[in-house]
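Here the structure is laid out as structure tokens; the discussion comes afterwards.
Atoms considered below: every heavy atom in the structure, side chains included; atoms not considered: hydrogens, waters and symmetry mates. By convention in this document, chain letters (A, B, ...) are assigned in the order of the sequence lines, proteins followed by strands, and residues within each chain are numbered from 1. Since the model is a prediction, treat every value here as computed from it, not as a measurement.
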Amino acid sequence: MFTEKHHAEFAAIPPYSFALSVRKPAGWWWSTPTEVFENNTLWTTARLENRLYGLRLQGTGTSRKPVVACTVFSDKTLNETEKDYVSRTLERALGVKEDLRDFYSMACKDDILRKTVDDLHGMRTVAWPELFPALILAVTLQMAPMKRSNQMMNLLIENFGDHITFDGKSIAHWPSPDKIASLPVSELKEKAKLGYRALNLNCIAQALEKGFPTSEELAAMPSDDAKEQLMTLRGIGDYSAEIVMPGMRFPLDVWSAKIFSVLFHAKVPDKPRDAIAELKKLGEERWGKWRGHAFVYVLNDLQRISKRVGVDLTIF
DNA sequence: GCGTCCAGGTCTACC
DNA sequence: GGTAGACCTGGACGC
């Protein structure tokens, strides 16, 4: 029985939009695809240090003093160490301490970003609560159209994930690394339709089981070191590491390369995969340390940017 | 209904 | 160090 076991409130550095931060326009989830968002409140789940928690996160406060109220549901009592860890993880993953003001100062002078930061005022970037679900996302995005990636992710949750009910909501959560590590690769292939990715995901889960830095530890590392660590995992290359990395970089794939090519060069490249390196370089030169922010803001504002540039960027 | 092609990368062998 | 080719498989597409 999952009942209320802990409560914490976090003051966010303004501007902060809770709704845009946890429910991004591009449609990505904050923690799990089955989470529920109603009335500026998110009911979701997270597995922290091998324990699954139910979470009710609510954006409160005022625009000058934004606050996120977090209620934690569990089937066991939390000791003080566990409460601290859960609180730290929520604070980090909600991005409440992420200061957007310097990014907005830069963006106001940039033709691509100027209106986008108004459109998405107060939206935080991406800081995954847990590492393994972010790695699952990265692996299932590889060499597959979105429909097929979603199919693989949904089958993983359906067949091997966990389901909890709390606060009147029923939420399904990603499988744990130990569950995926213990499964035969053939079963992963067959039931989750992972194809060649089954072996990679199984090896990643085993590496995490043997001991690997947590999201929190990766976030505390210099970003190059965090990326290097992630790229030691089988099936995690440059793009996947940058998707998973705390704070994000500029993880261009074929899809986003087409979008940024239209924005930089006003045309879709003949061979998008071959254009990635040059576009990454341009993004880094143009936005420097804010390239991750620019990436997230642009990809979450495609409808409005499309109208402004006169090209439908949502069809790629 | 059937055959073909290819997708929101990564790894490896080969030069 | 640079690069072609293989990798699973489901869905889109042409016929």
Side-chain angles (χ1 to χ4, degrees), chain A residues 24-29 33 125-126 128 132-160 180 183-208 212 226-245 248-264 268-283 291-292 294-303 305-306 311-316:
Chain A
K24 293 191 166 53
W28 297 108
W29 51 88
T125 51
V126 178
W128 305 105
F132 192 50
L135 289 163
I136 292 176
L137 170 68
V139 167
T140 53
L141 282 176
Q142 295 168 11
M143 281 299 286
M146 263 322 293
K147 198 169 180 180
R148 175 140 161 68
S149 299
N150 283 327
Q151 178 193 46
M152 290 186 269
M153 287 187 273
N154 290 336
L155 286 170
L156 276 167
I157 291 176
E158 207 175 298
N159 285 293
F160 310 117
I180 297 299
L183 289 169
V185 172
S186 56
E187 191 174 343
L188 277 173
K189 262 191 192 179
E190 186 192 331
K191 291 190 176 167
K193 301 188 189 297
L194 289 176
Y196 73 91
R197 303 168 197 82
L199 177 61
N200 292 353
L201 197 61
N202 180 260
C203 288
I204 289 170
Q206 287 186 27
L208 264 55
F212 193 82
K227 185 172 174 182
E228 196 178 322
Q229 278 283 336
L230 287 163
M231 286 179 68
T232 63
L233 297 169
R234 184 190 165 99
I236 298 299
D238 189 79
Y239 162 77
S240 298
E242 293 200 359
I243 283 274
V244 172
M245 275 182 66
M248 272 198 159
R249 288 208 183 175
F250 203 62
L252 286 190
D253 49 23
V254 165
W255 167 70
S256 49
K258 291 178 192 167
I259 291 164
F260 281 96
S261 181
V262 170
L263 297 178
F264 291 156
V268 179
D270 296 332
K271 293 184 178 176
R273 202 176 291 284
D274 294 346
I276 288 175
E278 182 252 353
L279 292 165
K280 269 179 92 95
K281 191 161 171 281
L282 282 178
R291 61 194 185 279
F295 182 86
V296 175
Y297 268 72
V298 165
L299 297 185
N300 278 286
D301 202 26
L302 290 183
Q303 287 197 344
I305 294 175
S306 295
V311 178
D312 189 357
L313 300 170
T314 64
I315 58 167
F316 297 133

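Below 30°, between 30° and 60°, or above 60°: for A/Phe295 and A/Phe250 the angle between ring planes is above 60°, a perpendicular geometry.
One atom, CG of A/Asn154, and another, P of C/dG11, lie 12 Å apart when rounded to the nearest Å. Here the P atom of nucleotide C/dG10 and the CE atom of A/Met153 are 16 Å apart, to the nearest Å. Per the geometry, CG belonging to A/Leu155 stands 11 Å off C1' belonging to C/dG10, to the nearest Å.
Listed by first and then second residue, the salt bridge (charged side-chain N to carboxylate O under 4.0 Å, His left out) pairs involving residues 190-199 of chain A are A/Glu187-A/Lys191 (not counting sequence neighbours).
For A/Tyr239, the ring-ring contact (aromatic ring centres under 6.0 Å, His included) criterion is met by no residue, not counting sequence neighbours. Under the salt bridge (charged side-chain N to carboxylate O under 4.0 Å, His left out) criterion, A/Asp238 pairs with A/Lys227, A/Lys280, not counting sequence neighbours. The salt bridge (charged side-chain N to carboxylate O under 4.0 Å, His left out) test applied to A/Arg148 returns no partner, not counting sequence neighbours. Checked against side chain to side chain donor-acceptor pair (under 3.5 Å), A/Gln303 has no partners two or more places apart in sequence or in another chain. Remark: A/Asn150 pairs with no residue by the side chain to side chain donor-acceptor pair (under 3.5 Å) rule, at least two apart or across chains. With sequence neighbours excluded, the residues forming a side chain to side chain donor-acceptor pair (under 3.5 Å) with A/Ser256 are A/Asp253, listed by chain and number. In this view, A/Lys24 and A/Met123, A/Val126, A/Val296, A/Asn300 satisfy the side-chain contact (heavy atoms from CB on, under 4.5 Å) rule, not counting sequence neighbours.
Distance alone, capped at 3.5 Å, is enough to place a donor-acceptor pair between the A/Asn202 side chain and the A/Leu183 backbone. No donor-acceptor pair under 3.5 Å is formed between the side chain of A/Ser261 and the backbone N or O of A/Val268. Side-chain atoms of A/Trp255 do not come within 3.5 Å of backbone N or O of A/Pro145 as any donor-acceptor pair.
Among the duplex regions that DNA chain B forms, those built from at least three successive Watson-Crick or G-U pairs under 3.5 Å are B:1-7 with C:9-15, B:9-15 with C:1-7, ordered by first number.
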Between the protein and nucleotides 5-8 of chain C, list the N/O to N/O atom pairs that are separated by less than 3.5 angstrom.
unit_1 : atom_1 : unit_2   : atom_2 : d
C/dC8  : O4'    : A/Tyr196 : N      : 3.0
C/dC8  : O2     : A/Arg148 : NH2    : 3.2
C/dC8  : O2     : A/Arg197 : NH1    : 3.1

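Note on A/Lys258: nothing from the nucleic acid sits closer than 4.0 angstrom, heavy atoms only. At the heavy-atom level, A/Ser149 lies nowhere under 4.0 Å from the strands shown.
Comparing the P positions of C/dC13 and B/dG8 gives a spacing of 13 Å, expressed to the nearest Å. C/dC8 and B/dA13 are spaced 15 Å apart, taking the P atom of each and rounding to whole Å.
Here the straight-line distance linking atom CG of A/Leu188 with atom CG of A/Leu155 works out to 11.0 Å at 0.5 Å rounding.
Taking 4.0 Å as the cutoff to heavy atoms of chain A, we find the contact window on DNA chain B bounded by B/dA7 to B/dC11.
Remark: A/Leu233, A/Arg234, A/Gly235, A/Ile236, A/Gly237, A/Asp238, A/Tyr239 in residues 226-239 of chain A come within less than 4.0 Å of DNA chain B through at least one heavy atom.
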